[in-house]
Amino acid sequence: MPSAPTRATTPTTRTAPPAGKSPRRSQAGGQISQPLQIRKLLGLTQENGARLLGVSVRTLSGWEGSSGKPVRTTGPNRRRLEEVNRLQRSLSRILKEDRIGPWLLRANPAFDGRTPLDVIEAGESDRLWRMIHEVGTGNPG
């Protein structure tokens, strides 16, 4: 009696995400870049870093004290951390790294005299993203 044909299978391998890409996340939450690293890159104090992330200084301190382990979080905090990661990468394309923090804290006429950090806190980060796009493309609006 002839046997049924067998189907060749390929072993499944998991690979690390490409550089600059975040790892896949599970429903329960996954890993993100370290808040301390981001805050230091931006040159912000812990208080201003907490303002930027929309969390308390205590929460940020807890994340930063995670012994170098990637922070695990879900929901709004995850989205805010991911947005700050993107913000840092985008700003570093148009500003020198050591100028990002001071720029975030300086009043800007494009934001009605408010600081970019104030604009982010007010939930108006779309204004900041628009400015980054315009400066990056050399097409100020």
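Quantities reported herein were computed from a predicted structural model and do not represent experimental measurements. Excluded from the calculations below are hydrogen atoms, water molecules and symmetry mates; all remaining heavy atoms, backbone and side chain alike, are included.
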Test of understanding: clusters of I, L, V, M, F, W, Y form through side-chain heavy atoms closer than 4.5 Å, transitively. Do V84 and L36 belong to the same one? no

Drop me the distance from L87's CG to L52's CG, to the nearest 0.5 angstrom. 6.5 Å

Quick check on the hydrophobic clustering: are I120 and L95 connected, directly or via other members, by side-chain heavy-atom contacts under 4.5 Å? yes

Worked check of salt bridge (charged side-chain N to carboxylate O under 4.0 Å, His left out) between E82 and R78: CA-CA 6 Å; E82 289 171 345; R78 165 172 288 292; 3.2 Å; yes

Atom pair CD/CZ of E124 and F111 - distance to nearest 0.5 Å: 9.5 Å

With no hydrogens and no angle check, do the side chains of E134 and W129 hold a donor and an acceptor under 3.5 Å apart? no

For residues 96-109, tabulate all N or O donor-acceptor pairs below 3.5 Å that involve a side-chain atom, not counting sequence neighbours.
unit_1	atom_1	unit_2	atom_2	d
E97	OE1	Q88	NE2	3.2
E97	OE2	Q88	NE2	3.2
N108	OD1	A110	N	2.8

Atom pair CD1/CG of I38 and L42 - distance to nearest 0.5 Å: 7.5 Å

Would you name the heavy atoms of L44 and G49 that are closest together and state the gap between them? CB-N, 4.1 Å

For S92, enumerate each residue passing the side chain to side chain donor-acceptor pair (under 3.5 Å) test, keeping only those at least two apart in sequence or located in another chain. none

When you measure from the side chain of T137 to the backbone N and O of H133, does any donor-acceptor pair fall under 3.5 Å? yes

Once salt bridge (charged side-chain N to carboxylate O under 4.0 Å, His left out) is applied, what residue pairs with a partner in residues 35-45 remain, sequence neighbours excluded? R39-E64

Tell me, which pairs form a salt bridge (charged side-chain N to carboxylate O under 4.0 Å, His left out) where one or both residues lie in residues 42-58, sequence neighbours left out? R51-D118, R51-E121

Interatomic spacing from OG in S125 to CG in L117 - rounded to 0.5 Å: 11.5 Å

CD1-CD1 distance between I132 and I94, expressed to the nearest 0.5 angstrom: 5.5 Å

Hey, could you give me the CG/CG distance between L60 and L53, rounded to the nearest 0.5 Å? 6.0 Å

Checking S90 side chain against R86 main chain: does a donor-acceptor pair fall under 3.5 Å? yes

